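Notes to accompany the following structure.
Because the structure is predicted, anything quoted here is derived from the model rather than measured. These numbers come from the heavy atoms of this one structure, side chains and all, not from hydrogens, waters or symmetry mates. In what follows, chains are A, B, ... by sequence order, proteins preceding strands, each numbered from 1.
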Amino acid sequence: MTVTAPTPAPATEVPKSSGTRLVDRVFKMRELAILAVFLVMIAITQMGNSQFLSEQGIKDLLLNATILVLVATGQSLVVITRNVDLSVGSTLGISAFAAGTYLQGGGNPVVAVFLAALLGIGCGLVNGLLVSLGQVPALVVTLGTLYIIRGIDSIWVGSRQITAADLPGSFVDFGSGGISAVPYLALIALAVLLVTAYYLKHFGSGRELYALGSNPEAARLAGIPVRKRILTAYVVCGGLAGLAGAMYLARFGNVDSGTGNGYELTVVSAVVVGGVVFTGGSGSVYGAALGALLLTSINSVLPALGVSSVWVLAINGILLILAIAVDRIVALRVASALKKRNARHG
Amino acid sequence: MPNVPATQLKPFTTLWGRPAAVVEEPLMTHPSDTGPAAVLALKDISKSFGAVRALRDVSLELFPGEVHALAGENGAGKSTLIKTLAGVHRPDAGQVLLDGEPTVFHGPADARDAGIAVIYQEPTLFPDLSIAENIFMGRQPRRALGRIDHKATHAATAALMKRLGVELDPDRPARGLSIADQQIVEIAKALSFDARVLIMDEPTAALTGSEVARLFGVVRTLREQGSAVLFISHRLEEIFRICQRVTTLRDGAWIASEPLDGMTEDDLVRRMVGRDLDELYPKQEVEAGSVALSVRRLTREGVFTDVSFDVRRGEIVGLAGLVGAGRTEVARAVFGIDRWDAGEVEVGGRTLTNGAPSTAMAAGLALVPEDRRAQGLVMDMSIERNIGLTGLRTTVRTGLMDRGAERSRSLDWAVKLQVKYARIADAVSTLSGGNQQKVVLAKWLATGPKVLIVDEPTRGIDVGTKAEVHRLLSELAADGVAVLMISSDLPEVLGMADRVLVMHEGRLTAEIPRSEATEESVMAAATGRAAA
Ligand SMILES: Nc1ncnc2c1ncn2[C@@H]1O[C@H](COP(=O)(O)OP(=O)(O)OP(=O)(O)O)[C@@H](O)[C@H]1O
Ligand SMILES: [Mg+2]
């Protein structure tokens with residue numbers, strides 16, 4: 001059907017009502033809140049340890065977050081559709097090793113990055129097909145592929161290991177280089193983030209991801225190609241995990257069969273802390289990226305403050321629960337505010 | 001009537017009448033003299049769900065410029081027929097004809113692309129998305145490079161809201177909308193593209209007079225522009241007001257397709273139920289007893305203000321008002337679902353705790369909510385378990401649930417309310433809309449309440465069962481139960497209530513005794529014109 005823009009738009013802009021502004025505020029607030037927590041944390045650390053925010057310090061902070069931001073961005077797409085991809089850690093591991101092996105044999109770094117992303121897309125395709133065609137919950141399917149991909153990886157890699165010495169110097173330099181305090185890798189992650197956010201907001205298929213996460217049955221009735229959209233989300237998620245694998249290789253230069261083990265839990269935490277609701281339909285990739293930034297910086301903050309890093313996990317957990325609690329309370333408040341407004345004019 | 005369609009369908013031959021019954025204006029000319037051209041037709045459609053034969057050899061033709069009613073009891077197969085037309089269900093047998101051509105819709109998108117707009121019986125909104133996005137999902141106006149034109153979407157939505165005469169902010173999320181507002185959004189969605197065929201499954205079930213009038217105004221315009229409309233409602237007077245022809249289904253079988261001109265409501269009911277109907281409002285005169293529910297100066301800021309009333313044992317008190325007047329909100333506050341800011345509620349002399357439904361239930365209060373999907377039922381649970389839910393405490397002995405007791409109690413109520421189901425262990429989601437409503441009623445009646453608040457008790461219930469529900473309410477009152485009935489169906493309020501309370505913009509504006517309650521006096525108070 002051709003989209004006939006219905007009824008010519010009236011010339012005047014309809015003024016935004018108070019309810020809208022309220023809701024806007026709350027959603028923006030969600031992201032602002034994480035940003036605020038992050039900044040406060042950084043400020044406190046800086047006060048306790050003036051070395052913390054040196055140029056190298058900032059660079060490390062950003063570098064550490066980069067990979068998680070990439071994978072969390074992809075994961076958000078999947079979570080928005082009311083699904084989950086637990087295989088991202090395995091995908092990252094196998095892509096990193098594949099890219100490393102290729103480079104070891106004298107391959108071109110750019111091709112290596114594409115290779116890693118392609119391998120990730122392949123994994124995403126498998127996940128997406130299984131989830132959208134089989135009537136099996138995503139949690140179970142991707143838990144399965146988590147082990148399968150990791151298994152294949154282990155058989156292939158065995159006890160081999162790739163170290164920075166095996167890689168072309170330009171590749172390793174790119175991984176740690178940057179424009180003053182901003183690493184190249186972070187710029188790539190930022191670009192991916194901006195493109196994804198723009199896509200989600202301004203393109204029909206992006207909005208449809210929210211719609212089908214919000215109410216899958218209604219999405220079907222609205223004629224949204226549900227399976228195709230879910231497949232797309234998984235493919236993008238896999239592709240970004242693959243890309244993150246290449247970045248991991250460039251950053252650490254060290255890959256073995258255990259690379260990325262358990263990473264999926266960190267990714268999911270970042271996404272949820274960032275306000276992407278696990279039951280689908282709401283949240284933004286910016287939130288997820290901020291969540292990733294927050295979680296990774298805790299890893300650097302604690303040692304800088306002289307706190308044992310055994311606390312990191314506990315703090316991550318607390319943050320996660322806090323985030324969920326805050327979401328719940330905000331949701332209830334918004335609901336009751338909207339209700340009051342409703343009653344005024346039906 | 002010379003122009004009987006050439007494509008004679010077997011059932012049509014018997015009762016085929018003049019489709020262009022000139023009920024409202026002589027605009028109708030079809031099926032035109034140049035031969036019939038049904039935009040959309042079903043031919044000998046059958047559809048089963050497991051052992052349930054929802055449709056059996058049903059045929060139907062929709063002509064441009066007609067509003068066609070689809071009538072039948074709960075579970076007769078109306079919604080199933082609509083979903084077949086909309087491409088949601090694939091028929092087991094039979095054909096869908098589009099402009100006379102056999103067509104197969106592979107999904108709702110196909111039907112939409114063919115110019116068929118559908119309002120489903122149950123709202124199908126995306127709670128996290130804005131109203132504007134809900135309306136235009138999948139067909140947003142575009143800018144360069146295929147990007148969504150958010151401004152145009154917003155403006156078009158605002159224009160639609162204006163056309164429907166409602167004040168809904170296009171940017172607010174759909175979460176938290178009242179049932180009536182949800183239905184309005186659904187209507188706006190269906191109107192948002194120039195459909196050749198508009199199909200509406202009980203669009204008016206939650207609406208009051210003025211919204212219905214608006215909707216009908218829009219429907220008339222569409223009809224004049226040559227669209228075909230298929231309309232379902234259990235309010236028969238609406239069918240006679242807006243439709244020209246009617247097709248009746250009974251137990252999934254086609255009964256008749258005929259012009260409404262010259263038919264009476266009784267005729268239609270006879271077609272639907274196959275017998276004459278008992279009285280629709282069997283109100284018993286009961287001497288009112290002591291005060292059972294007393295609400296004093298109840299206020300919830302911004303929602304309702306200073307609401308005071310009593311309901312006595314044996315009384316049925318109607319609570320009328322326009323959509324959004326705050327009726328449901330008062331009921332929810334009284335029951336303790338929402339908190340109130342000031343005031344007091346007493347049940348049987350016991351003061352209720354603010355915001356505590358459990359104490360309300362313990363005091364003998366029951367609330368049948370308006371939104372059966374969100375508040376009334378656990379859709380994936382069986383009919384039996386749903387009815388049993390409220391009785392958990394009474395059926396739990398020794399810490400284990402007494403499944404036998406639960407089952408027999410559930411069966412009792414299912415039979416009393418004539419719930420139409422295959423097995424009592426089936427999930428509630430497989431029931432027709434009206435039958436789901438009956439399960440909600442059964443669930444709360446099973447608690448044996450002292451004070452019963454019913455919010456739109458007969459929403460989506462067919463005339464036969466409506467009479468049954470009314471009889472039941474009347475009997476409960478006769479047994480000394482105090483009943484507060486919120487209803488948008490004005491004849492129902494007038495027919496059943498001993499007293500009518502009317503709300504307007506969050507305030508109680510009138511209290512009208514049965515003898516003085518008329519459509520005029522209630523509407524005057526509900527719209528805020530000088531109270532009666
Ligand atoms: N998905 C389903 N699975 C099993 N049975 C179903 C399903 N949908 C409908 N049915 C059955 O098909 C029959 C017809 O249902 P339908 O919803 O078409 O009735 P209806 O005429 O729309 O009734 P109402 O007036 O209550 O909305 C009912 O017996 C219902 O239980
Ligand atoms: Mg129905």
Side-chain angles (χ1 to χ4, degrees), chain A residues 1-14 16-24 27 80 198-199 201-208 210-215 217-225 277 279-283 331 334-346, chain B residues 86 88 107-113 115 118 120 124-129 133 136-142 146-152 154-156 158-160 163 166-167 169-173 175-178 180-181 192-194 300-304 322-326 329 338 505-506:
Chain A
M1 189 189 69
T2 49
V3 181
T4 41
T7 21
T12 50
E13 263 279 277
V14 183
K16 289 202 162 196
S17 77
S18 60
T20 316
R21 257 180 277 131
L22 175 96
V23 172
D24 275 357
F27 280 117
I80 283 171
Y198 192 83
Y199 163 76
K201 182 152 174 41
H202 294 285
F203 284 86
S205 48
R207 299 314 297 164
E208 286 173 11
Y210 282 94
L212 71 90
S214 193
N215 185 349
E217 179 60 20
R220 205 170 64 84
L221 292 178
I224 293 174
V277 180
T279 47
S282 85
V334 172
S336 84
L338 284 173
K339 226 175 223 134
K340 286 196 174 186
R341 235 171 46 74
N342 255 356
R344 288 227 191 254
H345 39 245
Chain B
V88 178
D110 284 356
R112 187 185 70 197
D113 294 348
V118 186
Y120 296 98
T124 55
L125 299 180
F126 306 112
D128 300 293
L129 301 186
E133 288 209 272
F136 288 101
M137 183 52 68
R139 8 174 228 99
Q140 298 94 335
R142 300 294 162 94
R147 289 167 305 160
I148 296 171
D149 191 339
H150 291 293
K151 256 189 195 165
H154 180 102
L160 276 168
R163 192 164 154 208
V166 290
E167 270 187 61
D169 178 359
D171 288 333
R172 69 154 283 171
R175 192 183 298 284
L177 283 178
S178 71
D181 286 340
S192 66
F193 64 103
D194 295 321
R300 181 172 158 82
E301 229 176 282
V303 181
F304 52 83
L322 300 182
V323 165
E329 288 73 11
D338 298 332
E505 292 186 350

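B/Val88 has its side chain within reach of A/Arg220: a pair of non-hydrogen atoms, C-beta onward, lies under 4.5 Å apart.
In this structure, the side chain to side chain donor-acceptor pair (under 3.5 Å) partners of A/Tyr199, at least two apart in sequence or on a different chain, are A/Ser205. Residues passing the ring pair (Phe, Tyr, Trp, His ring centres under 6.0 Å) test with B/His150, sequence neighbours excluded: A/His202.
Both the backbone and the side chain of A/Glu208 come within contact range of chain B, judged by heavy atoms closer than 4.5 Å. Neither the backbone nor the side chain of B/Leu322 comes within contact range of chain A; no heavy atom of the residue lies under 4.5 Å from a heavy atom of that chain.
Here the shortest heavy-atom pairing between A/Asn215 and B/Pro127 reads CB-CD, 4.2 Å. Counting all heavy atoms, side chain and backbone alike, B/Phe126 lies closest to A/Ala222 at CZ-CB, 4.3 Å.
Taking CZ from A/Arg207 and CD from B/Glu133, the interatomic distance works out to 4.0 Å, rounded to the nearest 0.5 Å. The NZ atom of A/Lys201 sits 8.5 Å away from atom CD1 of B/Ile148, with the distance rounded to the nearest 0.5 Å. Atom-to-atom distance recorded for A/Phe203:CZ and B/Gln140:CD is 12.0 Å, nearest 0.5 angstrom. Distance check: A/Ile80 CD1 to B/Asp128 CG gives 10.0 Å after rounding to the nearest 0.5 Å. The CG atom of A/Leu221 sits 11.5 Å away from atom CZ of B/Arg112, with the distance rounded to the nearest 0.5 Å.
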